Amino acid sequence: MSKPSLARGTRDFGPAQMSKRNYIFDMIRRVFQRYGFLPLETPAIENLSVLMGKYGDEGDQLLFKILNSGNFAEGLTETQLQEGYKKLTLKVSEKGLRYDLTVPFARYVVMNRSDLVMPFKRYQIQPVWRADRPQRGRYREFYQCDADVVGTDSLLCEAEIVLMIHEVLRGLGMESFTVKINNRKILSGIAEVIGAPGQEGPMCVAIDKLDKIGKEKVEEELKERGFSAETIEKLQPIFELTNNQTDIFSSLRVWLEGSEIGSKGITELEEVWAKVDKFGLSQPQLQLDVTLARGLSYYTGAIFEVKANEVQIGSISGGGRYDNLTGTFGMPGLSGVGISFGVDRIYDVMEELKLFPENQSISTQVMITNFDADAEAYGLGILRQLREAGINAELYPDASKLKKQFDYADRKLIPYVLIIGSDEIQTGILSLKNMKSGEQQKLGLEHILSIFA
RNA sequence: GAGGUUGUAGCUCAGCUGGUUAGAGCGUCGGUUUGUGGUUCCGAAGGUCGCGGGUUCGAACCCCGUCUCCCUCCCCA
């Protein structure tokens, strides 16, 4: 017999946690539906050919691979065993656990292209798995709540994403957050302007750390990544841009004047801002952050990231536009944009800020006591009537001491206990006890039903 | 994938430079006389000291390995 344990980076969610989590899920689902998104679920397991190569080399490493069933080592030769685990893995594993919801969604779209109404808007709430090293706010199994639109490159979608983020977070009581937006085209433009076209990838990795390690360390890292002193010098404006939101667009436009793609990126973002404004969102918590990069390599247009201002934790939501995600599955030219909420982190933030409403864990409203066989028989009839009236009710299963029964109700936070003994059976007048105040009154069933109506 | 750290009862932790039967608080369970919980009081159960190996007359304590927790890097929700 061995002690039970959880797999690394995974958690159980007990009843109390589940009701809080469901509170978040329900909010997100409601908002997604309000914006016209339809539900989709895909399998936990995907063929590795679907997953590999979509998240960069890092991502491939973080994929959980599933060992082939049966004799997976069958047919392996001595030389293949010598080649190292990376090549060997592909021989013994053909399937893996999904790493995010976007790639499986792209696969679904390609496989069902003829049936889908375009533009296709879907939402998906399911767990994903990453063979990452666990840390605060990082788990190996966690839920993502995605909403994506494919089949249109309208910037209205980007604007709606901004609106949904505000609606979800405000709906949950989180007032202080920042929606950071950038555009990959702007990053390309910057790379062009400083004389390092096509180098935006490594440039972003360094710049992304600005708020963490500071300007000098970023310059150091850029140097290490092969950027010349001259290009770094030309990059200087970026360090001033983030601080000043008021005229960031105009300064950015001047800076990227020489870059066609960069200017296009700016125009796109301005349009997003304008649409959000037209919608009438009050006090948008929107910030253009030219240092925002995001690792996933498939993004091509707008990129989003949301941070909780009052809690030190990674981003609680992120997303962006990808112009050619379905291209790798043989369906080019389909543009999409999406957003993903990280419930686990939102949960942690809400817990820390005490934003969960009280009474979330109450499920049973009334518990009927159990004295003896007669009282139980009588109680069953009452139980049926309570339940038919839509009241969550239960009858204590054993004729234990009342102390024990009350203790049970107390610990389950059941607000009312209905006491049924011989007196009550005779008169039909039942004793209803309010567990919080301790008050007890004798009432007819009709009256009791009306209390909970 | 690289580096650091942690691991003793269900939980939070004590346990002196290695020395007999490993402790506390909280929690759990039972009782405090037969129809009333959240407060007292009394009592009990519960640990192969993460796991495996080694050093020693003797290891919770020292050494090695391994797993886990947390942290930094990487990356990300």
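Because the structure is a prediction, the values reported are computed rather than measured. Letters A, B, ... mirror the listed sequences (proteins, then strands); counts begin at 1.
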Taking [M] as the reference, what is the distance to [N] when you measure between their [atom1] atoms (whole Å, please)?
{"N": "B:A59", "M": "B:U20", "atom1": "C1'", "answer": "14 Å"}
{"N": "B:C42", "M": "B:G58", "atom1": "P", "answer": "44 Å"}
{"N": "B:G19", "M": "B:G1", "atom1": "C1'", "answer": "45 Å"}
{"N": "B:G4", "M": "B:C64", "atom1": "P", "answer": "12 Å"}
{"N": "B:G23", "M": "B:C16", "atom1": "P", "answer": "14 Å"}
{"N": "B:U36", "M": "B:G43", "atom1": "C1'", "answer": "24 Å"}
{"N": "B:G47", "M": "B:C11", "atom1": "P", "answer": "13 Å"}
{"N": "B:G54", "M": "B:U40", "atom1": "P", "answer": "50 Å"}

Please state how far atom [atom1] in [X] lies from atom [atom2] in [N], giving the value in whole angstrom units.
{"X": "A:L63", "N": "B:C75", "atom1": "CG", "atom2": "P", "result": "17 Å"}
{"X": "A:R21", "N": "B:A77", "atom1": "CZ", "atom2": "P", "result": "17 Å"}
{"X": "A:K401", "N": "B:U33", "atom1": "NZ", "atom2": "P", "result": "9 Å"}
{"X": "A:K403", "N": "B:U36", "atom1": "NZ", "atom2": "P", "result": "10 Å"}
{"X": "A:M367", "N": "B:G38", "atom1": "CE", "atom2": "P", "result": "14 Å"}
{"X": "A:R140", "N": "B:C69", "atom1": "CZ", "atom2": "P", "result": "8 Å"}
{"X": "A:L413", "N": "B:G37", "atom1": "CG", "atom2": "C1'", "result": "12 Å"}
{"X": "A:K54", "N": "B:C76", "atom1": "NZ", "atom2": "P", "result": "17 Å"}

Problem - RNA chain B: 5'-proximal contact among A:I316 and A:G438 (nearest heavy atom) - result: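 It is A:G438 whose nearest nucleotide is closer to the 5' end.
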
Problem - Upstream residue (5' side of RNA chain B) when A:R8 and A:Y143 are each assigned their closest nucleotide - result: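 Mapping each residue to its closest nucleotide by heavy atoms, the 5'-most match is A:R8.
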
Hey, does [X] reach any base, or is it just sugar-phosphate, or nothing, if we go heavy atoms under 4.0 Å?
{"X": "A:G9", "answer": "sugar-phosphate"}
{"X": "A:S315", "answer": "sugar-phosphate"}
{"X": "A:Q144", "answer": "sugar-phosphate"}
{"X": "A:I346", "answer": "nothing"}
{"X": "A:S317", "answer": "sugar-phosphate"}
{"X": "A:K404", "answer": "sugar-phosphate"}
{"X": "A:E424", "answer": "base"}
{"X": "A:Y139", "answer": "base"}
{"X": "A:D407", "answer": "sugar-phosphate"}

Handout entry: Pi stacking test for A:F142 and B:A77: under 5.5 Å apart, planes under 30°
Key =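 Answer is yes, a stack.
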
With respect to the side chain of [X], which nucleotide from [options] is positioned closest?
{"X": "A:D410", "options": "B:G1, B:G35, B:G38", "answer": "B:G38"}
{"X": "A:Q135", "options": "B:G1, B:C69, B:C71", "answer": "B:C71"}
{"X": "A:R136", "options": "B:C75, B:C70, B:C71", "answer": "B:C71"}

State the pairing partner of [N]; accept Watson-Crick or G-U wobble contacts with both distances under 3.5 Å, and report none otherwise.
{"N": "B:G38", "result": "none"}
{"N": "B:U72", "result": "B:A2"}
{"N": "B:U66", "result": "B:G50"}
{"N": "B:C26", "result": "B:G10"}

Does a donor on one side chain and an acceptor on the other come within less than 3.5 Å for [X] and [Y]?
{"X": "A:N309", "Y": "A:S176", "answer": "yes"}
{"X": "A:Q441", "Y": "A:S431", "answer": "no"}
{"X": "A:T364", "Y": "A:N392", "answer": "no"}
{"X": "A:S400", "Y": "A:D398", "answer": "no"}
{"X": "A:R122", "Y": "A:Q124", "answer": "yes"}
{"X": "A:R321", "Y": "A:S335", "answer": "yes"}
{"X": "A:Y99", "Y": "A:D60", "answer": "no"}

Problem - Carboxylate-amine/guanidinium contact A:E160 A:K121, below 4.0 Å - result: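 So A:E160 pairs with A:K121 through a salt bridge.
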
Practice task
Give a yes or no on whether a donor-acceptor pair under 3.5 Å exists between the nucleobase atoms of B:C70, that is its base, and the side chain of A:R133.
Solution key: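 There is none.
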
Exercise for the section: Respond yes when some side-chain nitrogen or oxygen of A:Q440 is under 4.0 Å from OP1 or OP2 of B:U36, and no when none is. Expected result: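 Answer is no, no contact under 4.0 Å.
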
Problem - Below 4.0 Å: OP1/OP2 of B:U28 and any side-chain N or O of A:R411 - result: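 True: A:R411 side-chain N/O within range (under 4.0 Å) of B:U28 OP1/OP2.
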
